[in-house]
Structure formats: structure tokens, C-alpha cells
Amino acid sequence: MMVSLCMRVHFIRKIRLFRTMEGNHGSYTDKTRVLDIKPLRSLKPVFPSGNQAPPFVCAPPFGPFPPGFSPFYPFSSSQANQHTPDLNQAQNPPQHHPQYTPQHQPQYQPPQFQPQISSEPSLVSPLRSFRSPDTSNGDVEPEASTVKRKIPKKRVVRPENLNFESGISVAERENGNRKVVTSVLMRFDALRRRFSQLDDAKEAVSGIIKRPDLKAGSTCMSRGVRTNTKKRPGIVHGVEIGDVFYFRFEMCLVGLHSPSMAGIDYLIVKGEKDEEPIATSIVSSGYYDNDEGNPDVLVYTGQGGGNADKEKQTSDQKLERGNLALEKSLQKNSAVRVIRGLKEASQSAKIYIYDGLYEIKESWVEKGKLGHNTFKYKLVRAPGQPPAFATWTAIQKWKAGMPLREGLILPDLTSGVESIPVSLLNDVDNENGPAYFTYSTTVKYSESFKLAQPSFGCDCSNSCKPGNLNCHCIRKNGGDFPYSSNGVLVSRKPMIYECSPSCPCSACKNKVTQMGLKVRMEVFKTADRGWGLRSWDPIRAGSFICIYAGEAKDKSKVHQAMAYDDYTFDTTRVYTPFKWNYEPGLADEDASQEMPEEPEIPLPLIISARNFGNVARFMNHSCSPNVFWQPVTYENNGQLFLQVAFFALSHIPPMTELTYDYGVSRPSGTQNGDTLHGIKKCFCGSEYCRGSFG
DNA sequence: GTTCTTTCAAGTAT
DNA sequence: CATACTTGAAAGAA
């Protein structure tokens, strides 16, 4: 079932890198009582334009894949899946000190560099056509019918999908674990992003995708991409307190809360004579249920009465269904899972945080706004659970600037260079801050980094439209628009081509990594790994986090000793391959069509952030990371910028440390078959820790 | 660019 | 095996 990813077309590009634009002109004020961090004042041009440079080269695809690596990770069956990330280490303390296991080490074929012949990727592969699964019933819809085509409830299994296997065993489907939960969530979101991309491109003419989340969710349901189907009160295996969700369907698929719409989930318990419902979980909408002040208390409103919106209630609620189940849970002292729905004022997206188990303390009936009876239930959080919703409420207060946090060293270590502040905090020991460096948001290219031949942007007016194959920038991306309308990366690719500052499309959605930070982050002192980076905001899978700023060099032109230090990003390291994109078989696309993902860098690039850098220099390594890097280029005034951009691998809860795979250096003289060891001992604490990195 | 309003969905219990 | 129950998410309007 392994399909070689090597069957890809090699595109040869000329890439020309040029100096960064003039940096931000921040002024250094004496905010720093203990730390001497200066904003970047200016970045001088490093080399002039118009240099003749040697013809440029291009990396062929990575591969072949090492033995033991499943190219369908994390979509493969769990047996073949040795590297499933543990994506929530904050909730998951290290169980043991990890041992290095050489069989996990990929045998790596280094990229070969070839001279280049053409100036642009010549491809324009047509958009993969989407076909609705319900078109095979043979019925011809009248053309002038009510426009909308309904998707029938019964799926018609298409021949090419008959052999699709979810890779999840019957036992794992009934009772999950962290690995399966993670895999299900990633597969769902990859599929949802793809449907969303097709929808954006208006490609789904034959089957309108109104709700990519529902479409992806029902596909996963029907194909067995789900877990914890055995309903039970209490903990759900593999779901951890603090986990964040962006869609109701995500909670259905992992068995945290099965109703796709209703707020109360319950289970019928069969006694000797009677049957009684008990509640298993509730989703608080966050609109009516907030108990001001105490995040451990929730007053929840029952269901029914005509309309969930209490302003439009038409009748009394009855003690049945969910309301009855909550009442029975109160009588039996049965704990209920609580998922807090949150709507941030600044962002329109609603999110859900799993806040653990609550006990129902009392229930009563009160009149709603229109005089109808409504049930109320007071729930109190069970003690001894790690904070989740409480963390979120604390962050809202920090954002309002009210309580001064213990250990806060600087409110903004960038001194205004970033558009959002990045705080610096140490509540672990007495260290006053990281060693001196200059905060810079840009990459500056060294003298050795000369590239020939101009590249061209697009000529779209105002904004580039997904699906517009006349747009040169979209064509460079193979015909697909790389980002959703909300800025989320759809697929991991060997290279992403963004529109540039000099493209005429001013409000273009194809400019993401050049727009600076979007999530509120902080640099903090870790217990055992120096300084680290984490986010106040929850981060949705595929969201842009930051680029790796610093001084870029061509590794082949610098001394080996200079290439390695604590603040170096090196694209030539050996990185554990992984799969992040959707499975074509699930998306009703040709399952044999492989999508290359592993980075293709046109030269051995290293970026040093020792003297100049941004928040990325503080991100630590993990063998089970929650962030991945992705090469991005964009053109400006005939030159091409090459950058390393970081995106969220999965949904990341607030205050969870951000980590990526540092890879392992290949010392000179090693052969492809040699076992590679990193030069640093790893303390990531992951179950799948390789023991070393760097 | 934001915020309110309207629309139309899916799984599960019954 | 239909059908009722539940409310979110996104598109469109203001």
C-alpha cells in the first residue's frame, strides 16, 4: 500500500534571493530593567541587486523513504505508526526517560543539487476535480430546479473507495488512546481544509459544499475514522483536559460529545427493571452559562422549550431527554464532562475547551425571559484536575493588563517591533533573560547568498481569487490556493509561493507569512530546557505562527564549525518525515495520486539567529512537536525571498509550549546507512523521544 | 473591516 | 426505518 512519493515531477527553478527591505525603525527606550534587548533599527542592504550569480540549483524530492517509515503517517494504522506526536505535553508529563531507538532513525538520501534550466516552475496541474459522492445515482436533476442539490443521507460508495481502510482497529474505535485521538483529529481537519479550499475555489459545482466541517465529519464517520464510540461517563481515553476543538464534529469523532448539535449528551443505563438516562457530557455555549468570577462553577440551562435562544422560548422545558439525564446524574452523583464554548471578542471563531469533570450540585426551575420554565443546573468542577478554562480566563485578564504576573520581566521584548507584544517571563528561577540579541522580524541574506534570474509576481487587481488559473502566483502553487480564506494553511508542500508586496493585489489572502505575528506569544523559562516559546491564544491547526528570522547563509559556503550553534536553523538536517495533508481517498479524489509534502529547498540554507532573530529562536525541539516548518518564497521587485515559516501541526491549547523537530545534523563523512545521532541530549519527554537532536 | 441575521445542516434516541 | 430533537457555522446583509 505504500506508494512511492518519488514519482513526482522535478521542477527546476531559479531562485533569486535578495536583501530584506529596510527593517522597522523601532526606537530603543529603557523599558528593559534587566535585559538589554534592542529592537532592530535597520537592516542595511547586504548585497546589491544585479549581481551575476551562478546558476541556481534545486533539490530533488526527498527519498527514498527509510525503512519503517510509513508514508501515510499519521494516517496509517497505529501499528505502523511509530512517531505519532504527543501533542499535548503540558497535560502529559514525561513517564520515563526516553531511550534512543536507532530503528526509528530514517536513512536519508541527501538532496542532490542540479543545475537549473528554466526560470519558473512550468507546471500548471489542473485543479483536482471534486465530485460529490451522490452523483452516481443516475438521476438527472432538472436544470431549473431550486438550484441547490441536496446530498442524500445514504452514501453511495464509489468503487475506488471500496478498499479504503481507516487503519483504526475495532478495539481502537470503541476505546481510544492518545495516538488514535490525535490521528483522527488531524485526518478530519486535513479533509476539512481541503473541502474548504475546493469551496473557496468554487470548484465544487457538482456538489456544493456548504459546510466543509460537516462534509469532512460525515466522511470520517462513515469511513470509520473515529474513536471512543463506546459511550461512557467520566474520562475519555486519549482526550486530555485542556484540549481545544474548533468544531463540534471534532468532539463527536473522538467520542468526547456525540451529538452533532445538542448540548447535552447522555446514556441510557439499563437496570433490572427500569431504564434511566445519565448525562455524560455537556457543551456550554458560553453565552448564558457564565458564572462571573469563578471558572470552576457553571450554571447550565436545560434544553427544549421551542428554541435554544432563550429570548425566543415558546414553551416550558420538560424533564425529559437531556434535562432528565442531568437530573439523574445529580441524584446518582455521577460526574459530567464539561466542554466550555468560548467566543473571543477579538476573533469571530468560536472554540471549545475540554475542562474535565464536573459534579452537579443542585438543580432548579426558573422562569425564562418570556415567562416559560427553564431548568438550571449548578455544576462544580471536580478538584485535582489541571487548569484549562481557568487558564483561558486568566489570559483574558492578562490581556486587559490588570494583574501583574509574577515573574514578568518584560511586557514586550520586541520593544514594539512586532505588531503584538511578546512578553518575557521567568517564574522558575532568577535568570533575568536570555543573552543579548537584536530583535528582528526579517531575514537578511548574506553576501554568499546570491541568486540569479528574476521571478515574477501576478497581475491580479485587488485580490487573487482562488481558482483563478490566470493568476501567476496560484499557478506557481500548482493551481491550488495555499491558504483558506481565514489564513489557515491547507496543505503542506515542498514550497509555498506567496504573492508579494509588489503584486498589485493589495488585500490578497496569499500573503500570510509576510504579515507578521498574529498570535499573542510569550518567551518563558522552562524547567530544564532554557527559554521556550508558548502562546496565550489557542492556535488552530495550520495557522501561521512565525518565520525563522536571522542571517541567512548558503551552508556550502561557510565553514562547518560556523554552521552549528544553538540558534541556527539548518534545512539540510535530517528531519523525520511526516504526513499532514488529507488522504485523497477520503476526499473523493484519486487515492493513487500522491501529494509531495517534504520541503524542497533550492540550496543548503542555514539561518543564524544568534545576533538577529525573532521569537522563533526560542522555540525548543521536540520529538513529538506541535509545530512544523514550511519553506515559503515570494517575489519582490524581481527578486525572490526564501523563508522558513512555522505552522501549527494541530490545535494548540493556550500556554502550551511550541516545539518543532530540530532534525539531526549529518556530520561530514557519514554514509546514508549510518545511524545518526544528534549532538544534544533531548529532554522533550515525549513517549516517542529519539533521545537526541541537533 | 465588523456585527447582526438568515439559512440549513447531522447524529442519535425514539 | 423514518422522524423529532438539538444548535452551530458560514454566507449574506447591514
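Proteins come first, then strands; the chains are lettered A, B, ... in the order of their sequence lines, and each starts at number 1. These numbers come from the heavy atoms of this one structure, side chains and all, not from hydrogens, waters or symmetry mates.
The CZ-C1' distance, from A:R226 to B:dT12, rounds to 10 Å in whole Å. In this structure, NZ of A:K350 is placed 18 Å from P of C:dA11, rounded to the nearest angstrom. Distance, A:Y300 OH to C:dT6 C1': 10 Å, rounded to whole Å.
In this structure A:I268 satisfies the side-chain contact (heavy atoms from CB on, under 4.5 Å) test together with A:Y266, A:E275, A:P277, sequence neighbours excluded.
Closest contact between the side chain of A:R248 and the listed nucleotides C:dA10, B:dG11, C:dG8 involves C:dG8. Of the listed nucleotides (C:dG8, C:dA9, B:dT12), C:dG8 has the atom at the smallest distance from the side chain of A:S285. Across C:dA9, B:dA10, B:dA13, the shortest atom-to-atom separation from the side chain of A:Y266 is found for B:dA13. Of the candidate nucleotides C:dA11, C:dT7, B:dG11, C:dT7 has the atom lying nearest to any side-chain atom of A:Q303.
Mapping A:M261 and A:R321 onto DNA chain B via the closest heavy atom, the residue that lands nearer the 5' end is A:M261. Between A:P212 and A:G263, the residue anchored nearer the 5' end of DNA chain C, judged by the nucleotide with its closest heavy atom, is A:G263.
A side-chain donor-acceptor contact under 3.5 Å links A:S222 to the backbone of A:S218. Here the side chain of A:T414 pairs no donor or acceptor atom with the backbone of A:V422 at under 3.5 angstrom.
Listed pair A:K231 / B:dA13 meets the phosphate criterion, a side-chain N or O lying under 4.0 Å from OP1 or OP2.
Salt bridge status for A:K231 with A:D265: present, with a side-chain N to carboxylate O gap under 4.0 Å.
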